[in-house]
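Here is the structure we will look at, set down as structure tokens.
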Amino acid sequence: MAFLRRYLIPRLIQYVLVIFFGVTAVFLVPRLAPTDPIASTIAQIRSQGSYLDPATVDQFIEDLTELYGLKGSLWEQYIALWRRLFRGDLGVSFFQFPTPVIVLIGRALPWTVGLLLTTTVLGWLIGNIVGGLAGYFSRQKWSRALDVVAMVIRPLPYYIFALALLLLLGYLVRWFPIAGGASIGMRPSWTWTYVRDVLRHSFLPALSLVILGGTLWFQTMKLVVQNVNAENFVQYAKLGGVKEGKIVFRYVIRNALLPQITGLGLALGQIFSGALITEIVFSYPGLGMLLYNAVITGDYNLIMGITLLSIVAITTAILIIDLLYPLFDPRVRYR
Amino acid sequence: MKVLRDLFRDYRFAISFCVLCLLFLLAALTVVSPYDPTRWGVVPRDLKPSWEHPLGTNSKGQDVFWQGAFAIRNSLIISIIAGVVSRVIAVLVGMVAGYRGRLTDRVLMFISDSFLVIPLFLIIVMLAMLIRRLMNLVTLGLLLAVFGWAWDARLIRSQILSLREREFTQTAVLSGSGTLRLVLKEYVPFATPLVFSTLINNMSWAIGMEMTLAVLGLVDMDTPTLGTMLQWAISYQAMLLGYWWWVLTPVVLAILLFVALYWLSVSISEYLDPRTRLQRVGAQ
């Protein structure tokens with residue numbers, strides 16, 4: 001019960017508070033901004049060359065006010081937003097009228113989650129194992145060589161790295177398709193040809209994500225392992241003649257893994273917003289591409305829907321990791 | 001001088017320092033640029049690199065070398081505005097939270113925690129969309145500054161927390177120095193190195209962010225920056241048409257800039273950490 005009161009309840013309160021403030025921020029930010037979304041939408045339609053007579057404009061303004069949830073006082077709008085959220089209603093997409101935002105997101109979500117879940121976990125595993133070994137054997141030549149490689153790859157922004165990979169493996173040697181999630185005209189099904197096609201298309205984006213993500217985990221893991229390695233109990237195990245493999249995997253890596261698990265939670269939460277550039281560079285049909293189109297067309301409801309979803313996803317991911325934490329770390333369990 | 005000599009013993013510092021000097025020189029060269037970077041069609045289009053145009057020309061009729069110089073200059077301006085302004089916020093928040101403690105601390109840290117958890121990138125995109133018409137180098141820098149301080153405020157706070165417990169704080173308080181004076185005279189010198197190394201990281205975050213916003217077309221596309229330059233090259237299909245000099249210039253400049261900034265920050269923070277400094281400089 002002490003665990004419940006001291007660990008679980010404060011954590012749940014924090015979770016609710018963060019979501020509350022996140023939603024409030026998404027509500028307030030556009031309303032505090034110096035521009036009027038309705039005016040700019042109308043300006044955009046005008047600039048595309050269509051003529052609007054005054055009566056149509058009035059009707060239009062009214063419709064947009066309704067659509068953007070801008071009816072009534074600030075307080076009424078705020079309450080209305082929460083009421084809609086509890087119903088799972090994120091509004092209607094403006095440029096793919098009248099498809100609800102939630103349907104568009106649902107269509108794009110499997111692509112993004114499939115790609116990012118795999119690559120995040122894969123990058124985490126590879127980075128941590130290689131980083132752990134490199135940290136334990138930090139005086140070896142291969143470990144130092146890996147260090148230099150990581151020092152060059154690490155600071156590169158994802159965009160530049162992905163472009164370089166695309167130029168090299170897509171245009172120059174043409175091993176992999178350069179765009180799309182599957183070949184045009186393929187119908188989704190659980191057949192081997194379709195699955196293989198999807199895998200081939202997602203290889204380049206996956207490779208870029210695994211390498212960049214893995215490098216990050218590699219560096220932190222190596223550093224942590226080097227620190228754990230200097231601790232007394234490791235020296236003691238070595239002097240006591242415990243097998244090296246057992247020391248590395250059972251004692252050193254297991255101890256060093258704890259902060260990395262928190263990191264994995266954060267990274268998994270980022271899935272919903274982190275894929276934007278990947279999907280644009282490789283024209284992959286996921287959430288990032290949806291967001292990109294929403295920004296280009298000024299589809300305000302859609303952007304808000306994706307942002308709200310990300311807030312909930314990230315905070316939930318962190319909450320789950322925090323709640324699972326006592327399983328990995330006995331010290332938290334017994335406190 | 002001794003500090004510089006010690007720093008230069010690290011090959012990473014030496015290399016990144018030289019590269020950054022070159023890039024700053026390139027940025028400074030824009031003062032004598034023969035062309036206006038925002039105008040189109042000032043030179044023949046799609047020329048290969050030659051003596052007259054060292055890096056060729058692009059499909060918009062601009063000289064790629066001078067575009068690159070302006071791009072570096074503008075990207076640096078954005079990142080310096082973002083870095084410096086967000087440092088001011090981070091230092092203020094971190095110091096106030098760390099020194100005042102209690103409720104002030106809780107509130108400020110809750111705000112900065114929320115900033116870390118909320119998908120800031122999406123909120124920046126939303127804001128950038130709304131102020132698209134007002135977007136220039138300064139507003140973009142300020143926009144990024146507002147969102148780039150949370151983590152560093154935390155770092156500064158934890159340092160102030162440890163300083164507050166030391167004896168010299170008691171001595172200063174007992175000898176009657178005010179809070180402001182105490183913080184400015186006694187704490188700032190301790191926090192300066194930390195502020196500097198976070199400044200570098202924040203600058204490269206801002207440059208990367210600018211490139212991302214440029215992909216979305218949310219910055220002023222007529223001002224050459226690393227992001228807009230690359231975006232124009234891609235939207236004119238420079239890769240497919242084989243105008244490699246147009247694509248490669250911003251890519252190579254960006255790689256140089258990012259790697260140099262990163263190595264500089266790693267090298268400096270290793271030097272500032274007494275444990276690693278002893279290894280490198282040796283006990284003297």
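Just so it is clear, the model here is predicted, and its values are computed rather than measured. Reminder, nothing fancy here: chain letters follow the sequence lines and each chain counts from 1.
- In this structure, the portions of A:Y292 lying under 4.5 Å from any heavy atom of chain B include both its backbone and its side chain.
- For A:V312, no part sits under 4.5 Å from any heavy atom of chain B, backbone or side chain.
- A distance-only check finds no donor-acceptor pair linking the side chain of B:R73 to the backbone of B:A69 [under 3.5 Å].
- Relative ring orientation between B:W246 and B:Y236 is described as tilted, the plane-to-plane angle lying within the 30° to 60° band.
- Between the side chain of B:S16 and the main chain of B:W263, no donor-acceptor pair closer than 3.5 Å is present.
- For a heavy-atom cut-off of 4.5 Å, chain A lies close to B:L216, B:L218 in residues 216-224 of chain B.
- Annotation: side chain of A:Y284 is not in contact with side chain of A:M289 (no heavy-atom distance under 4.5 Å).
- The side-chain contact (heavy atoms from CB on, under 4.5 Å) search around A:L216 returns A:R154, not counting sequence neighbours.
- At least one donor-acceptor pair under 3.5 Å links the side chain of B:S75 to the backbone N or O of B:L226.
- Sorted by first and then second residue, the salt bridge (charged side-chain N to carboxylate O under 4.0 Å, His left out) pairs involving residues 219-229 of chain A (not counting sequence neighbours) are A:D147-A:K222.
- Residue pairs satisfying the salt bridge (charged side-chain N to carboxylate O under 4.0 Å, His left out) criterion with at least one member in residues 250-265 of chain B, sequence neighbours excluded, are absent.
- For B:I234, the part sitting under 4.5 Å from any heavy atom of chain A is the side chain, from C-beta outward, and nothing else.
- Contacts between B:V215 and chain A at a heavy-atom distance below 4.5 Å involve backbone atoms as well as side-chain atoms.
- Of the possible polar contacts, one joining the B:T139 side chain to the B:N136 backbone as a donor-acceptor pair under 3.5 Å is found.
- For A:L163, the part lying under 4.5 angstrom from a heavy atom of chain B is the side chain only.
- In this structure, the portions of B:T212 lying under 4.5 Å from any heavy atom of chain A include both its backbone and its side chain.
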